[in-house]
Amino acid sequence: MLKVTYNVVTKEANTIKTRIGKQAIFLPNSKYMLLFADANMVTGHDMHIDRFIELYVDFDKIKIQSSLSKINTNAFDNSFLDGTIPYILMPNDSKSKPHIQTYYPKYKIDYHTSNFVLYKFFSNK
């Protein structure tokens, strides 16, 4: 990462951390996790390996379906259905919006910068 880019991304990350305060945040694309190490971040990668892979591959014609894990993901999934995790942060790129719409439909754009899009949980109630 270029020094100029690093400085811009760091500044944007600090603005987002101020905005969310101590509330939980999830980064499905872990590229920027280091910048949020001091936030109340859901650490690790997505428990759904297929979703994680989709964000990292550069081709759209292959659909990843994995049954590698027999782990029960209900508690993880419910955190995104009931608002336990109020924020999701994605890079501002072409894969992020469809990823959120498909897997996290209760989240809507709350804030964006040139490098990030911050999504916030909105209940349908």
Exercise. Quick one: does Leu27's side chain get under 4.5 Å of Leu89's, heavy atoms only?
Worked result: yes

Exercise. Mind checking whether Phe121 and Ile85 have side chains closer than 4.5 Å, heavy atoms only?
Worked result: no

Problem set entry | Check: Tyr87 and Gln23 side chains under 4.5 Å, non-hydrogen atoms | yes

Exercise. Are side-chain heavy atoms of Tyr32 and Pro91 found at a separation under 4.5 Å?
Worked result: yes

Exercise. Are Tyr6 and Val8 co-members of a hydrophobic cluster defined by side-chain heavy atoms under 4.5 Å apart?
Worked result: no

Exercise. Considering only heavy atoms from C-beta outward, does the side chain of Ile20 approach that of Asn40 to under 4.5 Å?
Worked result: no

For this session: Give the minimum heavy-atom separation between Leu81 and Lys106, together with the two atoms involved.
Result: O-NZ, 3.2 Å

Exercise. Do Tyr111 and Val117 touch side chain to side chain, with heavy atoms closer than 4.5 Å?
Worked result: no

Problem set entry | Minimum heavy-atom distance Ala24-Pro86, with the two atoms named | O-CD, 3.4 Å

Problem set entry | Closest contact, heavy atoms only, Arg19 versus Leu118 | CD-CD2, 3.9 Å

Problem set entry | Asp38 to Lys17 - nearest heavy-atom pair and separation | OD1-NZ, 2.8 Å

Exercise. Rounded to the nearest 0.5 Å, how far apart are OH of Tyr103 and CD1 of Ile88?
Worked result: 13.0 Å

Problem set entry | Aromatic plane relationship, His99 with Tyr104 - under 30° parallel, 30 to 60° tilted, over 60° perpendicular | tilted

For this session: Please tell me if the side chains of Phe26 and Met41 come closer than 4.5 Å, counting only heavy atoms from C-beta onward.
Result: no

Exercise. For the hydrophobic clusters of this structure (ILVMFWY residues joined by side-chain heavy atoms under 4.5 Å, transitively), does one cluster hold both Ile16 and Met33?
Worked result: yes

Exercise. Applying the side chain to side chain donor-acceptor pair (under 3.5 Å) test to Asn74, which of Asn78, Asn72, Asp77 qualifies?
Worked result: Asn72

Problem set entry | Donor-acceptor side-chain pairing of Thr84 and Asp82 below 3.5 angstrom | yes

Problem set entry | Minimal non-hydrogen separation, Phe80 against Phe76, with atom names | CD1-O, 3.2 Å

Seminar exercise, completed: So CD of Gln101 and OG of Ser96: to nearest 0.5 Å the spacing works out to 11.0 Å

Exercise. Just wondering, do Thr113 and Asn92 contact through their side chains at under 4.5 Å, heavy atoms?
Worked result: no

For this session: Find the distance between CG (Asn115) and CG (Leu35) and round it off to the nearest 0.5 Å.
Result: 10.0 Å

Problem set entry | Pair Asn7-Thr10, side-chain hydrogen bond (donor to acceptor under 3.5 Å, both in side chains): steps then yes or no | CA-CA 5 Å; Asn7 290 336; Thr10 300; 5.5 Å; no

Problem set entry | Distance in Å, Ile100 CD1 paired with Tyr119 OH, rounded so as to fall on 0.5 Å steps | 5.5 Å

